[in-house]
Amino acid sequence: LLYLPLIISVLFLLLTHSLRTAHDTYYKALFDRATRTDDDLHSEYTYYKRECTLLDITTQNPRDIFLNSSTPTALTSPTVLHKLARHGAVAVPAILPPHLVTNLRNYIRRRNAAVSDDETYPVSQGYNRLSYGIDVTEDPAVTSAASALAEKLAPVLRSALGDEDPAVTELTAITAYPGCPAQEWHPDTKTEGNALLFGRTFSHSYSFFVWVIRPWRPGRIIVGRRGCMNCARTGGWRF
């Protein structure tokens with residue numbers, strides 16, 4: 001009983017310290033993120049707002065970003081990171097085996113027929129263009145394809161992001177039906193997520209497109225523009 005007041009005081013101090021630490025470490029940080037606005041973001045440029053020109057395009061030759069997917073070390077070679085760092089993009093032909101592509105394509109066709117309006121995502125030039133989120137566990141076709149992609153892309157993402165456990169933030173199925181207009185040039189990832197432009201960014205992010213349609217429809221890309229705020233409207237090429 002003699003030491004009881006002292007013990008209670010010490011426990012109270014420890015509890016107070018723990019609560020203060022939790023408040024400062026977790027609550028304040030989360031509250032700050034939740035209440036930040038675009039005005040806050042745009043006051044944190046790492047340098048002036050830079051507009052790109054045609055001189056920023058790093059190559060006019062599509063072969064410069066292509067990798068030889070038949071080579072076992074294609075996605076673990078330092079060349080991959082070099083291409084990604086220089087051009088902002090790499091292209092990997094036939095990254096998935098044909099049977100996984102076929103299974104994924106058939107599933108997306110079935111899913112397209114059943115998707116509701118509430119599930120769809122708004123897209124630019126959306127006439128005859130369908131976009132919605134899919135879950136990696138919702139069908140074996142998605143799970144198998146995602147597992148194969150994760151296994152092949154993990155070394156590249158670890159090197160590019162500097163993270164031993166990179167995460168997928170979103171899976172989206174996009175279908176362009178006959179008659180849909182071509183989309184205007186646009187950045188696929190938000191420029192606000194670019195650490196070259198902002199001192200505080202939530203994450204580095206990359207988009208990865210997997211073509212599962214036949215016949216293949218060309219995509220368009222402009223390389224070397226990932227550090228700019230403006231979207232290029234000229235200088236891209238189809239692949």
Side-chain angles (χ1 to χ4, degrees), residues 37-38 41-42 51-52 57 62 65 84 87-93 95-96 100-139 141-143 145-146 149-150 153 157 160 166-195 197-198 201-239:
T37 65
D38 288 343
L41 180 68
H42 287 275
E51 302 286 341
C52 279
I57 296 177
I65 70 168
L84 190 60
H87 304 300
V90 291
V92 188
I95 191 170
L96 288 178
L100 291 183
V101 174
T102 299
N103 293 341
L104 186 58
R105 179 172 61 249
N106 292 339
Y107 172 70
I108 291 175
R109 281 176 173 169
R110 297 194 304 271
R111 186 82 161 78
N112 285 355
V115 69
S116 67
D117 291 340
D118 292 338
E119 294 177 279
T120 59
Y121 295 158
V123 290
S124 59
Q125 288 72 52
Y127 176 73
N128 274 1
R129 181 174 278 109
L130 180 64
S131 175
Y132 55 88
I134 56 177
D135 191 275
V136 71
T137 60
E138 70 180 54
D139 188 87
V142 183
T143 304
L149 287 172
L153 293 176
L157 294 175
V168 175
T169 57
E170 181 183 80
L171 288 177
T172 306
I174 304 174
T175 304
Y177 291 102
C180 71
Q183 288 186 306
E184 295 181 356
W185 288 113
H186 62 277
D188 193 63
T189 55
K190 287 187 175 182
T191 50
E192 288 85 354
N194 191 328
L197 298 167
F198 298 98
T201 182
F202 290 104
S203 64
H204 297 282
S205 60
Y206 291 87
S207 289
F208 188 81
F209 292 89
V210 182
W211 269 258
V212 298
I213 58 173
R214 287 185 178 180
W216 309 112
R217 294 187 61 182
R220 299 186 299 170
I221 189 174
I222 296 178
V223 295
R225 312 291 297 237
R226 63 208 174 280
C228 311
M229 293 297 294
N230 58 316
C231 295
R233 299 185 180 276
T234 56
W237 31 257
R238 292 148 63 98
F239 65 94

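Fair warning: this is a prediction, and the values are worked out from it, not measured in the lab.
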Approximate separation, where rounding is to 0.5 Å, of W211 CH2 and L96 CG: 13.0 Å
Between OH on residue Y132 and OG1 on residue T172, distance to nearest 0.5 Å: 10.0 Å
Heavy-atom closest contact (T120 atom, V115 atom, distance): CG2-CG2, 4.4 Å
N106: partners by side chain to side chain contact (heavy atoms under 4.5 Å, CB included), with sequence neighbours left out: T102, R109, R110
N/O donor-acceptor pair under 3.5 Å between T143 side chain and V136 backbone: yes
Worked check of side-chain contact (heavy atoms from CB on, under 4.5 Å) between L153 and I95: CA-CA 10 Å; L153 293 176; I95 191 170; 3.9 Å; yes
Audit row: V142, D135, side-chain contact (heavy atoms from CB on, under 4.5 Å) steps and yes/no: CA-CA 8 Å; V142 183; D135 191 275; over 6 Å; no
Shortest non-hydrogen contact from N128 toward P178: ND2-O, 2.9 Å
Donor-acceptor under 3.5 Å (N103 side chain, A141 main chain): no
C180 side, atom SG; I174 side, atom CD1 - distance, nearest 0.5 Å: 11.0 Å
All side chain to side chain contact (heavy atoms under 4.5 Å, CB included) counterparts of S116, not counting sequence neighbours: D118, E119
All side chain to side chain contact (heavy atoms under 4.5 Å, CB included) counterparts of Q125, not counting sequence neighbours: R129, P181, Q183, E184
Residues N112, Y177; criterion side-chain hydrogen bond (donor to acceptor under 3.5 Å, both in side chains); working and verdict: CA-CA 11 Å; N112 285 355; Y177 291 102; 3.3 Å; yes
